Protein chains: 2
Amino acid sequence: MARKPDLLPGTLDMLILRTLQRAPLHGYGIALQIKRLSDDVLTVEEGSLYPALQRLLLQGWVKAEWKMTETNRRARFYTLTAAGRKQLGVELTQFEQMIEAIGRVLRDVQEA
Amino acid sequence: MARKPDLLPGTLDMLILRTLQRAPLHGYGIALQIKRLSDDVLTVEEGSLYPALQRLLLQGWVKAEWKMTETNRRARFYTLTAAGRKQLGVELTQFEQMIEAIGRVLRDVQEA
DNA sequence: CTCTACCCATAGATAAACTATATATACGCT
DNA sequence: AGCGTATATATAGTTTATCTATGGGTAGAG
C-alpha cells in the first residue's frame, strides 16, 4: 500500500556528485557509501546507479578511468570535474530551497 | 542545462493531503495555496495536479463533491478521509526520515 | 571448487510529472 | 456588446527517473 522508495527522486545525481567531491570513487563504492552514511535509509540500486553515472559523464560533470582497487579488482573510478563541482553547487542550492519551501507548506507559516 | 523543477518528485501527494488537512478545498485552490505558502518556489502544474487528485480518490484518501465557491463558480471540493489522514502521517514520517538521511550523506557526519 | 563479496552494465517496466490542449464561466473594463 | 483575465476542470501524449530483472565477470576465503 504505502510504498517505501529507496530514495527521493531527483536527488541521486546530487548525492553522487557530493560523494565524489570527497574523493574519486567507483560506482559500487559510491552506492555503498551512500547506503552507509544514510544508515541504510537510502539504497542506490544498480539499475539506477549506472545509468546515472552515464548521465553525469555525458554532461561532463564527472570523468572516468579504469583502475585497480585496493582489493585488486578492475573498477571504473569517477572524478568530479570543474563543471561537476559547479553543478553540485547549483543542485545543493536548489535542493535546500525546495526543502525550505516544502517545510513552509507543511508547517503553514502564518503571515500578515 | 540546469533544469528548474517545479517541485520535488514524490512530494506532491503529501503536499495535497496536508493542504486538505487544514480545510476542504478545490483543485485550483490547492495549487494556489501551495504556490503561495512556498513563496512561488513550488508550482503545481495542472497536468500534475488533476491526475494526482484522481490517484488520491482511487486510493480512498480523499473524497470529492461539487459545490459553489465564494465567487459563485462550480468547483470540485476535496476532503481528507480517515484513511487519508493516516496516509499523510506515513508520508510525513517517511519524508522526514529521507531528508535526514540525505542530510547525513551531504554533510558526511563522522562516526566512531 | 564453491561460495560470497565485489564490480560493471543494459533492457524493459513502471510511475510521476511535464507540455499542450480543450472546455467553460464570472466579472470588470471599455 | 465584446474583450480580457482569472477562475476552474480535465485528458492525451511525452519525457524522464527509478526500479526490476538479468546478464556478465573476478578475487579470495573456506
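Worth saying up front: this structure is predicted, and the values here are computed from it rather than measured.
Contacts classified as salt bridge (charged side-chain N to carboxylate O under 4.0 Å, His left out) and involving residues 75-90 of chain A (residues at least two apart or in different chains) are not found. Applying the ring-ring contact (aromatic ring centres under 6.0 Å, His included) test to residues at least two apart or on different chains, none of the pairs has a partner in residues 27-56 of chain A. Note on residues 92-103 of chain A: no pairs pass salt bridge (charged side-chain N to carboxylate O under 4.0 Å, His left out), not counting sequence neighbours.
For B:F95, the ring-ring contact (aromatic ring centres under 6.0 Å, His included) test picks out no residue, with sequence neighbours left out. Residues passing the side-chain hydrogen bond (donor to acceptor under 3.5 Å, both in side chains) test with B:T43 are B:K35, sequence neighbours excluded. By the side-chain hydrogen bond (donor to acceptor under 3.5 Å, both in side chains) test, A:T93 is found to be paired with no residue, residues two or more places apart in sequence or in another chain being considered. By the side-chain hydrogen bond (donor to acceptor under 3.5 Å, both in side chains) test, B:E91 pairs with B:Q87, sequence neighbours left out. For A:F77, the ring-ring contact (aromatic ring centres under 6.0 Å, His included) test picks out A:H26, with sequence neighbours left out.
Between B:L7 atom CG and B:S38 atom OG the span is 9.0 Å, to the nearest 0.5 Å.
Per the geometry, CG belonging to B:L58 stands 11 Å off P belonging to D:dT11, to the nearest Å. In this entry the distance linking CG of A:L15 with C1' of D:dA17 reads 14 Å, nearest Å. A:L49 has its CG atom 18 Å from the P atom of D:dA21, to the nearest Å. Taking atom OH of A:Y78 as the reference point, atom C1' of C:dC7 lies 11 Å away to the nearest angstrom. Atom P of nucleotide C:dC7 and atom NZ of A:K67 are separated by 14 Å, given to the nearest angstrom. As rounded to whole Å, 9 Å separates atom P of C:dT10 from atom CZ of A:R76. If you measure from atom CD of A:E65 to atom P of C:dC8, you get 13 Å, rounded to the nearest angstrom. To the nearest angstrom, P of C:dT10 lies 11 Å from CG of A:L57.
Near DNA chain C, defined here as any heavy-atom distance below 4.0 Å, there are no residues from residues 22-34 of chain B.
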Return all side-chain donor-acceptor pairs below 3.5 angstrom for residues 9-20 of chain B, not counting sequence neighbours, or 'none' if the list is empty.
| from | atom 1 | to | atom 2 | distance (Å) |
| --- | --- | --- | --- | --- |
| B:T11 | OG1 | B:L8 | O | 2.6 |
| B:D13 | OD1 | B:R55 | NH2 | 2.8 |
| B:R18 | NE | A:L106 | O | 2.5 |
| B:R18 | NH1 | B:Q21 | OE1 | 2.8 |
| B:R18 | NH2 | A:L106 | O | 2.9 |
| B:T19 | OG1 | B:L15 | O | 2.8 |

Inset, instruction - Quick one, give me the B/S/- string for nucleotides 17-23 of chain C, reading 5' to 3', where B means a protein heavy atom under 4.0 Å from the base and S means that only happens at the primed atoms, P, OP1 or OP2. - result: SBB-B--

N/O contacts under 3.5 Å, protein versus nucleotides 25-28 of chain C?
| from | atom 1 | to | atom 2 | distance (Å) |
| --- | --- | --- | --- | --- |
| C:dT25 | O2 | B:R73 | NH1 | 2.6 |
| C:dT25 | O2 | B:R73 | NH2 | 3.1 |
| C:dA26 | O4' | B:R73 | NH2 | 3.2 |
| C:dA26 | N3 | B:R73 | NH2 | 3.2 |

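Looking only at distances, no side-chain donor or acceptor of B:T79 sits under 3.5 Å from a matching main-chain atom of B:P24.
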